[in-house]
Undergrad: 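Could you have a look at this structure, given as structure tokens, before my questions?
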Amino acid sequence: MKITITARHFEASQNLKDYTEKSLKKLEKYFDRIVSCDVVFEETASTTEPQKVEIHIKIPQKTLSATESSAKYEKAISLAVDNLKRQIKRYKEKKLAY
């Protein structure tokens, strides 16, 4: 799986990049044919949840997306990865139904 990390208007730390890659690698347990992953970190104007993460996963014949905001990027990543796990499971169930 190819992972691309983009940080808008700031430089992402190596720890944040490592945490992101480690979290995304866990998705391969649920679906081993993930082609690529695009992650975008962005600051928002919100005072309660100022950090936003967008993750786009490309799998055969489909693109799955998750966007989450939180007070910390790590929390937003966890929420987005959990969301993507559900989407992958739903995708696999639909594929097996056919």
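Just so it is clear, the values below take in all heavy atoms, side chains as well, and ignore hydrogens, waters and symmetry mates.
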Undergrad: Closest approach of Tyr19 and Ser78, non-hydrogen atoms and distance?
TA: OH-OG, 2.9 Å
Undergrad: Would you mind reporting whether Val81 and Leu27 have side-chain heavy atoms less than 4.5 Å apart?
TA: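 Yes. Closest side-chain heavy atoms under 4.5 Å.
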Undergrad: Judged by atom type as modelled, is there a donor-acceptor pair below 3.5 Å linking the side chain of Ser70 to the main-chain atoms of Glu49?
TA: no
Undergrad: At what distance, to the nearest 0.5 angstrom, does CG of Asp38 lie from OG of Ser65?
TA: 9.5 Å
Undergrad: May I ask whether Tyr30 and Val39 are part of the same hydrophobic cluster, defined by side-chain heavy atoms of I, L, V, M, F, W, Y residues being less than 4.5 angstrom apart, directly or through others?
TA: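 They do share one cluster, since a chain of ILVMFWY contacts under 4.5 Å joins Tyr30 to Val39.
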Undergrad: Can you tell me how the ring of Phe10 sits relative to the ring of Tyr73, calling it parallel under 30°, perpendicular over 60° and tilted otherwise?
TA: parallel
Undergrad: Shared ILVMFWY cluster between Val53 and Val40, side chains joined below 4.5 angstrom?
TA: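 In one cluster: no.
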Undergrad: Ignoring hydrogens, what is the shortest heavy-atom contact between Thr63 and Lys58? Give both atom names and the distance.
TA: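 Scanning both residues, the minimum pair turns out to be OG1-CG, 4.0 Å.
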Undergrad: Inspect the surroundings of NZ in Lys75 and state if more than 12 heavy atoms from other residues, nucleotides or ligands are less than 6.0 Å away.
TA: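 Counting other residues, nucleotides and ligands, NZ of Lys75 stays at 12 neighbours or fewer.
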Undergrad: Roughly how far apart are Arg33 CZ and Ile88 CD1, rounded to 0.5 Å?
TA: 12.5 Å
Undergrad: Following the transitive rule for hydrophobic clusters with a side-chain heavy-atom cut-off under 4.5 Å over Ile, Leu, Val, Met, Phe, Trp and Tyr, establish whether Leu84 and Ile3 coincide in one cluster.
TA: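 The answer is yes; both residues are in one hydrophobic cluster.
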Undergrad: Would you sort out whether Arg86 and Asn83 count as a side-chain contact (heavy atoms from CB on, under 4.5 Å), showing the intermediate values?
TA: CA-CA 5 Å; Arg86 286 191 301 274; Asn83 187 332; 3.8 Å; yes
Undergrad: Which heavy atom in Glu68 sits nearest to a heavy atom in Ala80, and how many Å separate them?
TA: CG-N, 3.4 Å
Undergrad: Rounded to the nearest 0.5 Å, what separation is found between the CG atom of Asp32 and the CE atom of Met1?
TA: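 If I round to the nearest 0.5 Å, the distance is 10.5 Å.
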Undergrad: Indicate yes or no: at least one non-hydrogen side-chain atom of Glu74 is less than 4.5 angstrom from one of Leu16.
TA: yes
Undergrad: Find out whether Glu43 and Gln51 are in side-chain contact, i.e. whether some heavy atom of one side chain is under 4.5 Å from a heavy atom of the other.
TA: yes
Undergrad: Would you give the length of the straight line joining atom CZ of Arg8 to atom OG1 of Thr44, rounded to the nearest 0.5 angstrom?
TA: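 If we round to the nearest 0.5 Å, Arg8:CZ and Thr44:OG1 are 12.5 Å apart.
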Undergrad: State, to 0.1 Å, how close Ser69 and Leu79 come at their nearest heavy-atom pair, and which atoms those are.
TA: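 In this case the closest contact between Ser69 and Leu79 is O-CD1, 4.4 Å.
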Undergrad: Rounded at 0.5 Å granularity, tell me how far NZ in Lys22 sits from NZ in Lys26.
TA: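 That separation rounds to 5.5 Å.
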Undergrad: Any side-chain donor-acceptor pair under 3.5 Å between Gln61 and Lys95?
TA: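 Short answer, yes.
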Undergrad: If you look at every heavy atom in Leu64 and Gln87, which pair is closest and at what distance?
TA: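 Nearest heavy atoms, Leu64 then Gln87: CB-OE1, 3.5 Å.
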Undergrad: If you take all heavy atoms of Cys37 and Ile57, which pair is closest and at what distance?
TA: SG-CG1, 3.3 Å
